[in-house]
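As C-alpha cells, the structure follows; a few thoughts come after it.
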Amino acid sequence: AGVTWSPDSRWIAWSMEAPTEQGALWVYDLQNDKATQITSGMFNDFNPAFDRKGEFLYFVSNRKIESPQYDEF
C-alpha cells in the first residue's frame with residue numbers, strides 16, 4: 001500500500017522517490033490544501049499507515065549505515 005488515508009479523512013500519506021533516489025514520505029493536508037515532505041529521503045522510507053486513532057503514522061524504512069564511526073556521542 002503506497003497511499004493511505006487518516007481515519008478522519010483529513011490527511012493522505014504516501015511514499016515517493018526523493019532526489020536522493022531513496023523513498024521519502026509525504027502527507028497532504030486536505031484542510032489546508034498543502035503537501036509536506038515528512039522524511040528526509042536519506043533512507044528508503046515507504047508503506048505509511050496511520051494508527052486507528054490517526055495520532056501516529058507508521059512506516060517501513062530500509063536503513064543501512066556503511067562503516068559507522070563510534071564516538072562519545
Side-chain angles (χ1 to χ4, degrees):
V3 177
T4 186
W5 284 88
S6 64
D8 64 0
S9 299
R10 176 179 173 179
W11 301 91
I12 303 171
W14 71 95
S15 60
M16 185 168 65
E17 187 175 296
T20 59
E21 298 183 6
Q22 298 289 335
L25 295 184
W26 288 75
V27 292
Y28 183 80
D29 179 356
L30 277 83
Q31 188 174 30
N32 295 313
D33 192 28
K34 184 178 179 183
T36 305
Q37 183 175 338
I38 59 171
T39 63
S40 68
M42 183 176 183
F43 302 103
N44 188 25
D45 303 328
F46 58 98
N47 202 20
F50 287 95
D51 73 318
R52 290 182 182 183
K53 292 183 179 180
E55 295 175 356
F56 299 98
L57 182 66
Y58 298 96
F59 62 95
V60 178
S61 182
N62 288 335
R63 295 177 179 228
K64 182 178 180 183
I65 300 173
E66 299 287 335
S67 303
Q69 295 180 359
Y70 300 98
D71 63 10
E72 293 179 15
F73 183 69

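All values below come from the heavy atoms of this structure, side chains included, with hydrogens, waters and symmetry mates left out.
- Legend: residues meeting side chain to side chain contact (heavy atoms under 4.5 Å, CB included) with Lys34, ordered by chain and number and at least two apart, are Thr36.
- Applying the side chain to side chain contact (heavy atoms under 4.5 Å, CB included) rule to Leu30 yields the partners Trp5, Ile12, Tyr28; only residues at least two apart in sequence or on another chain are considered.
- Taking the side-chain hydrogen bond (donor to acceptor under 3.5 Å, both in side chains) definition, one finds that Arg52 meets it with nothing, sequence neighbours left out.
- Every side chain to side chain contact (heavy atoms under 4.5 Å, CB included) that Met42 has, sequence neighbours left out, goes to Ser40.
- The stretch residues 15-26 participates, sequence neighbours left out, in no salt bridge (Lys or Arg N to Asp or Glu O under 4.0 Å) pair at all.
- By the side-chain hydrogen bond (donor to acceptor under 3.5 Å, both in side chains) test, Asp45 pairs with Thr39, Ser61, sequence neighbours left out.
- Residues passing the side-chain hydrogen bond (donor to acceptor under 3.5 Å, both in side chains) test with Asp29 are Arg10, Asn32, sequence neighbours excluded.
- Applying the under-4.5 Å side-chain rule to Ile, Leu, Val, Met, Phe, Trp and Tyr, the cluster around Val27 extends to Trp11, Leu25, Ile38, Phe50, Leu57, Phe59.
- Residues forming a side chain to side chain contact (heavy atoms under 4.5 Å, CB included) with Thr20 (at least two apart in sequence, or on another chain): Ala18, Gln22.
- The other residues sharing a hydrophobic cluster with Phe56 are Tyr58, where clustering joins ILVMFWY side chains under 4.5 Å apart.
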